[in-house]
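A quick write-up on the structure given underneath.
Quick note on labels: first sequence line is chain A, next is B, and so on, each numbered from 1.
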Number of protein chains: 2
Amino acid sequence: MNEAEALATFGALSNVTRLRILKHLVKAGGDGLTAGEISNEVEATPSRASFHLAEMTKTGLLISERQSREIIYRVDFKSIGDMVHYLIHDCCEGNKTVQSCCNPNDNCL
Amino acid sequence: MNEAEALATFGALSNVTRLRILKHLVKAGGDGLTAGEISNEVEATPSRASFHLAEMTKTGLLISERQSREIIYRVDFKSIGDMVHYLIHDCCEGNKTVQSCCNPNDNCL
DNA sequence: CTGATATTTCAATTAAACTTGAAATATATA
DNA sequence: TATATATTTCAAGTTTAATTGAAATATCAG
C-alpha cells in the first residue's frame with residue numbers, strides 16, 4: 001500500500017455513513033448484504049448508500065457481486081489489513097505502543 | 001475510543017500534509033520537531049502547517065509543548081494505538097486476516 | 001521599551017465532499 | 001412486451017475542509 005492508497009482508505013473511513021456500512025458488513029459475515037439491506041440498515045436513501053458503497057469499493061474496502069437483481073457487498077479484510085500494516089509499519093515504524101494494541105487483551109480502550 | 005473519535009482520527013490521517021507531518025514526527029523520535037521545522041519539511045507555509053498541526057493536536061494524534069519561542073510537536077503513539085485497536089477490534093471484530101498484518105513479517109504489502 | 005523571531009489566528013476565498021431527487025440501467029416476472 | 005424491483009448515475013445545490021495572506025500573540029535579546 002502506497003501513500004495515495006492509504007490516504008484514500010483513511011478518507012473512506014472518515015465518514016459516519018461509510019464507517020457504519022463497514023460495521024454492518026463485518027457483522028453480516030461472509031454472506032455480505034445487498035445494497036438495499038445496507039441502505040435500510042444505515043438509514044440512507046438508495047442513491048446515498050450507492051454513492052458511499054461506490055466510494056468504498058473504489059478504495060478496495062468492499063467487493064461487490066451482482067446476484068440477479070441485487071448487488072451484494074462484502075468486506076475485503078485484506079484491504080483493512082493493508083491499512084493496519086501501513087499505519088504500524090510505514091507511519092509508525094513498528095512502534096511498540098502501537099503494535100501492542102493489536103492483541104485482543106491489550107490496554108487500549 | 002468511540003465512533004466520533006475514530007472518525008476524527010481517520011479524517012486527520014486522510015490529508016497528505018497531515019500524513020507527511022506524522023511521518024516526519026515519527027522519524028524525529030522523542031525529541032519531536034518545532035512548528036517551523038515541520039513547516040519546512042512538508043513545504044507548507046507556517047500558517048498552513050499551523051492549521052494542520054492544530055487539527056492533529058485536537059484529535060489527539062500530537063502533543064505540543066512550548067519551549068521558549070518555539071513550539072515542539074511530538075507524536076502521541078497511544079492515540080494511533082487506539083485507532084489500530086478500534087479498527088481491528090471494534091470495526092473488524094478481531095478478524096484474523098486484519099490481525100495478521102500487525103506482525104513485522106506479515107504478508108501485507 | 002524596541003525590534004526580531006516563532007507561531008497562531010482570522011476573514012476571505014477556493015476546493016472538495018456530501019446530499020438530493022429525478023432519470024437511467026439491469027434484471028426479473030407476468 | 002409491459003411492468004415492477006433493485007440499484008446506479010447524474011446534475012444541482014449544500015455543507016465542510018483547505019488555502020491564502022495579513023494581523024495578532026508570545027518570547028527573547030539588545
- Query: Roughly how many Å is it from CE in B:Met56 to P in D:dA17, rounded to a whole number?
  - Reply: 16 Å
- Hey, is the side chain of A:His52 poking within less than 4.0 Å of OP1 or OP2 on C:dT19, counting only N and O atoms? yes
- For B:Ala35 and for A:Thr45, find the nucleotide of DNA chain C with the closest heavy atom, then tell me which residue's nucleotide is more 5'. B:Ala35
- Query: Rounded to whole angstrom units, what separation is found between the CG atom of A:Leu7 and the P atom of D:dA17?
  - Reply: 17 Å
- Query: Within the side chain of A:Glu41, is there an N or O that forms a donor-acceptor pair under 3.5 Å with the backbone of A:His24?
  - Reply: no
- Note on the structure: A:Glu70 atom CD is separated from D:dT5 atom P, nearest whole Å, by 13 Å
- N/O (side chain, A:Tyr73) to phosphate O (OP1/OP2, D:dA6) under 4.0 Å: no
- Euclidean distance, atom CD1 of residue A:Ile38 to atom P of D:dT7 [Å, nearest integer]: 9 Å
- Message: Tell me whether B:Lys23 is salt-bridged to A:Glu93, with the criterion being a basic N under 4.0 Å from an acidic carboxylate O.
- Response: no
- Message: Tell me the interatomic distance from B:Ile71, atom CD1, to D:dC28, atom P, rounded to whole angstroms.
- Response: 12 Å
- Query: What's the CD-P distance between A:Glu37 and D:dT5, to the nearest Å?
  - Reply: 17 Å
- Item | Under-4.0 Å side-chain N/O to phosphate OP1/OP2 contact, A:Arg69 with C:dA28 | no
- Item | Whole angstrom value for the distance that separates C1' of D:dC28 from CD of B:Gln67 | 14 Å
- Task: Ignoring backbone atoms, test whether B:Asn15 places a side-chain nitrogen or oxygen under 4.0 Å from the OP1 or OP2 oxygen of D:dA17.
- Result: no
- Taking only side-chain nitrogens and oxygens of B:Arg18, does any of them come within less than 4.0 Å of OP1 or OP2 of D:dA18? yes
- Message: Does C:dA22 have its OP1 or OP2 closer than 4.0 Å to a side-chain nitrogen or oxygen of A:Ser47?
- Response: no
- Closest-nucleotide ordering on DNA chain C, the 5'-leading residue of A:Thr17 and A:Ser68: A:Thr17
- Query: Which nucleotide sits closest to the side chain of A:Ser50: C:dT7, D:dT5, D:dT9?
  - Reply: D:dT9
- Does B:Arg20 pair with A:Glu3 as a salt bridge, N-O distance under 4.0 Å? yes
- Could you give the CD1-to-C1' distance, from A:Ile72 to D:dT7, as a whole number of Å? 13 Å
- Can you name the nearest heavy-atom pair linking B:Tyr86 to B:Met1, along with the distance? CD1-O, 3.6 Å
- Same apolar cluster: B:Ile71 and B:Phe51, side chain cutoff 4.5 Å: no
